[in-house]
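Fair warning: this is a prediction, and the values are worked out from it, not measured in the lab. Numbered from 1 within each chain, the chains take letters A, B, ... in sequence-line order. Below, all heavy atoms of this structure are taken into account, side chains as well, without hydrogens, waters or symmetry copies.
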Amino acid sequence: MNKPWAAYRNSRSVWTIVISWFIFDVCRPGVAGKSGEPPSGAASFSQDQEIALVISGNLSPYDQALEGFIGSWGSQPPVLNLAKGELTLPKSTKVVMSLGSKAAYAGYSKNVTLVYALAPAVWLTPEDHAGPRIKIFLTPSPEILVAKMKSLQPSLKRMGIIRSTWIFEDIMDQIRKRGRELGVEVLSTGEGFSVDSFPDLLRLWKNRVQAIWLPPDPELISPAAWGVLSEFCQKNHIGLIVPSEALVEKGALASIAPSFEDAGFWAAWAAREALAGRHHGEKIFPQRVKVVINLETARQSAIEIPQSFIDSADRVVR
Amino acid sequence: MRRNAGPFLGIAATFGILAASAGLACAQDDIFEFFENEANAITALRRAAPVEESPVAIDVITAREIEASGATNLWDLLRFKTGMDVADGRSSDVQRAIVSVRGFAEEYVISLQVLIDGQRIVSPYGIVYWSLFPIGLHDIERIEIVRGPNAALYGSGAALGVINIITKKPRAMNEISASAIGGSREKMMTQVAYETVRDSFGWRLGHTYAADDGFPVGSRVQGNDFYMAQKSHFRGWWDRGRGNHLELFAGISGHVFGAVNSANSRVEYPAHFQMLKYRRILTPAASFEASASRADSKIVIDPYEFNTSETQVNRAYRYDADVLLHYQWQPAPMQTTLGGSYGNAVTHDPLLYGNQDPRQSNQIMRCFLEQTVKPGESLVLNGGVSWERSDTGGTQLAYQAAASVRPWEEHIFRFAHSLAPTLPGIQTQRMYQEIPASFVALSGNPELRPVKMRSYEAGYRTTFLSRRLGTEANLFYMNINDLWDSYIQSMVFVPVPLITVSFQNQNDAVARGAEAKLDYKISPGAKVFANYTFERISDLIEDVNVVETTPKHKVNLGGQADFGQGFSGTMKAGYKTSYLSHSESRDMNVDIPAYWRLDLRLAYRPGQGWEFFWAGQNLTRSRHLEFADGLEVPRTFYGGLNVQF
C-alpha cells in the first residue's frame, strides 16, 4: 500500500503555496495604513494629511465623483490610483474615501473611517474593514424612488425589480412597503439571478408589469444584457428605469438616481462629518436625485408621461 | 463494441446551432466598462464567495437549470456533472438509481452524505434511497455538489462527497405554478405549487404525482417494474424581527414500486418528515442556528422475498438535533463555525436481526469546529476538526485542512487534505438472517470498524473573456482503509447444512483521478459546457467489485440556447467507458459496455407564464444496460406544459 504521507511531505505543492503567497502578498507594495509603515512617496501627502481619496482606476464615473467631492470639500485632497499601484497612506490619515470595489476592499487601518462610493454591489463587514464604514448608495432612497416612478407612470400598478445580489434586499423591503402605500405591487428576482435567465424572466413579466427598475447591479448591466432588456421593454410598453443617466441615452425610459457627481458630493459631506466626530449611520442615500427622461423612448414605447413630470425633470432627452 | 456515429453528429449539430446563436461582444463605453469592472472586482474580492473560496470542489445546479434540463428524476440532474457516477438501476427493494461521486458506484452507496435544507436524509441503514425523497423537482431552488471528503463539517458518511439540496423559499406575494407531463412507457407527472408572502411570514406548498411503467425486463430476471409516487412538501418562514427567523419544513409521501425479484412483488413506502429551524443574529459578527428534525418511513414488501407467504413491514426513523454558531473575528480576518449534533437512527425489522430485538438503534453525537483565516489578500486557509461518538463506530475523528491561493486575479489554486470515516450500518453489525431454501445465513459483525478515507487533492480555477469562459481542473488521490467485504464465517453440515456469511474489514484501496471542466457563456440565454473525469481504483486483494465498478473515463458535454421567438433548447450528452456492474441485492455481476447517453429538451413559450416542451432521454439507442439488475434503460419521450401565474 502506498503511503500518501511520504508523497505529501515530499511534494513541492506546499512550497508553491508559501512562495506564491510570499511573492504576491508580502512582497507587493503594501497598504501602509494596514501595515503601519510610513508613506513611501507615491502621492504628494503632507504628514498631517487627514483625508485621502483612493480610486480603483481611470474611468469617467470616478472623475465625475471626484468633481462632486472637490465641489463639496472645497479643495482636492491627494488621490491614490490603484491602477497605478499607488497604495500607501500616511499614518495621519483618519478618513479614506474610496471609489469602486477594488478601492473599497484595498484594506485600511482600523483607525480609518472608510467612506466608500461607486461600489454598488459591495457591503463591507467588520471582517473587510474593522474601522467605521459608511456606504454612499448609488440608488435614491426607496421612498423617493417609488414616489417618482408613480409620478412618471401614474397608471403604475405593478413593477418588477431585477437584481442578483442580496445587497439590495434591505432596499427591496422598503420599496415593497412604500409600494403598498401607493398601491403598487412589487415583483422581484432573487439572489443569484443571472443574465442567463433574462429571456425567461421577461416572458414571465410580459403584460404583467408596467415598469422595471434596474438597480446598479454590476452582474446585470452589460452590453449584451442591455440589448435584450431595453428592446423588450420598448416592444412591450414597459417603462425601464435605470440607475444612470448614460443608460437613458442608450434607450431607457428614465433614470431616477443620484449622479456620480452627487455620490462624490455626499461622500465629502460624510467625510467631513466623520472628521468632526459625527456619525450618521453606515448607509447614506444622497438626498439629491437626478431625473432624466428619454421622450423618444417614451414615444416608441407608447408610454405617456405627465407634462408636469417632464417639466420637473433635470434633463430631457428628445 | 458497435460503432455509432449518430450521437457524435447530433452533438456536433447541436453545438453548431448553439454557436451560431451566439452574440458577439460589442464595443463598450464607460458606463458598461464601469459596471463590468465592478462585476469583475466583486468576483475577485468579495468575502462571501462559497464556490471560489471553498476548500473543496463544488458544482451548483440552479432552479433554471433544473427546469431547462428536462429531467424527471433527481439523479438525472446529477448525471452530466463533473465527477458524478450515475446509473439507472433497480435493487431488490426500493433503490432505483446508483449515485456516487468520484467512483465506488455501488448499489448501496454509503459514503455520500445527502441533505435537504440541512436535514440528513440518509436512511438509518446508512443508505440513500434516491427515488424516495419527499420533494418534487419543482420544489428545488438549488443543488450543491461537493466532491471529496467533507466529514469535518458534515460528519461521517461524507467521505466521497456531499449533496446539498435547497428547496425554494417562498418569495412571491401570490403565485401558482403547475406542470403536467405525459410520455412513453406510460410516464405521467403532475406538479403544482402555491406560495404566498406577507410582511413577516411566507409559505409554499407543493405537490407532485408521478407514475411510469418502469424499465423493460430482460432475459436475465423476473420482475414487474413500475413506479407511482405522491409527494407533498411544505416550507414556511416567520420573521419575528430583530434577527429572529423561524422556519418549518415538512413533507409526506407515498410510493409504490414493482420489485424485480418476483413477478408479483410490490413495495409500498409511506414516509413523512418535519424540521423546525431557528436562526438568530446575535451581533453583527455572530449568528446562532438550531434545528430539530424527525423522519419516519415504512417499507411494506408484499410478498417478501425471504418469507414468501407474508407481507413484510419494516420501519426506519430518525431524530436529529443540530446547533451552529458562526462568529467573525474582529479585526482579524477570521471566521469560526462551532457546531454540535445529536441523532438517533432506529430500524424495526422483524426478520433482519434473527432472535434479537427487532428494534435496533444507533445513537450519534458529534461536535465540530471549522476555522477560516485570511492571512493575506491572496491566501485563504481553512481547517476543520470533528469528533463523533456512535454506537456502531465508537469514537471517530475527522479533519480537513485546505489552502486557497490566488496569485493573480481570476486564478485560484486549491490544495486540500482530509480524513473522513464512514460508519458501519446497523445491519452490517447486528443482522442475522437465514435465507430460505439456500442453506445460507447472513450474519453481522459487531467488531466491524469504520472505513477511513484519506484524501489529497489539488485544483485550479480560472476565467477568461470577461468571465464568460470558466475552466477548472482537479487532481485527487484517496487512500481508503478498512473496506468491508463479505467472507464465509463458518460452514456446518449437521443438523442441517448452513454456510454463514459475514463482513470484515479486509481490504484497502487507492483511488486516483483527474477532473476538468469548461463552461462558456455565449450570450444571455446561451451557454455550452464540457467536462471530463478520469478515475482509477486499485486495491489490496484485487476485488473486481472494488476496482472494476468505476468507469475509467467519463465525458459530458452539452449546452442550452434561446433561439428567439419563444423557442429554446437544451442538449446533454454523456459517455462512459465500460465497467463492471455489481448488484449486491441480486448477487450478480454484469459487464456494461461503453455507452453514450443523449438527453434533449425543446421548449416553446407562446406567452407569459406558459411553456410547452418536448423531451427525450437515452436517444442514442432504443435500450441499453447501466446496472446489473437485468433491466434495460429504454429510450423515452415525453412532453408537457408548464404554467405559472
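With rounding to the nearest 0.5 angstrom, the CD atom of B:Glu33 is 9.0 Å from the OG atom of A:Ser60.
By the 4.5 Å heavy-atom criterion applied to side chains, A:Ile221 and B:Glu38 are not counted as neighbours. Residues B:Ile31 and A:Trp226 form no side-chain contact, since every pair of their non-hydrogen atoms from C-beta on lies 4.5 Å or further apart. Looking at A:Pro218 and B:Glu36, their side chains never come closer than 4.5 Å, going by heavy atoms from C-beta outward. Using a 4.5 Å cut-off on side-chain heavy atoms (C-beta onward), B:Phe35 and A:Pro216 make contact.
Proximity to chain B involves both the backbone and the side chain of A:Leu118, based on heavy atoms less than 4.5 angstrom apart.
Qualifying ring pair (Phe, Tyr, Trp, His ring centres under 6.0 Å) partners for A:Phe260, counting only residues two or more places apart in sequence or in other chains: B:Phe34.
Within a 6.0 Å sphere centred on NZ of B:Lys452, heavy atoms belonging to other residues, nucleotides or ligands number 12 at most.
When each of A:Gly227, A:Ala104, A:Gly100 is scored by its heavy-atom pairs under 4.5 Å with chain B, the top score falls to A:Gly100.
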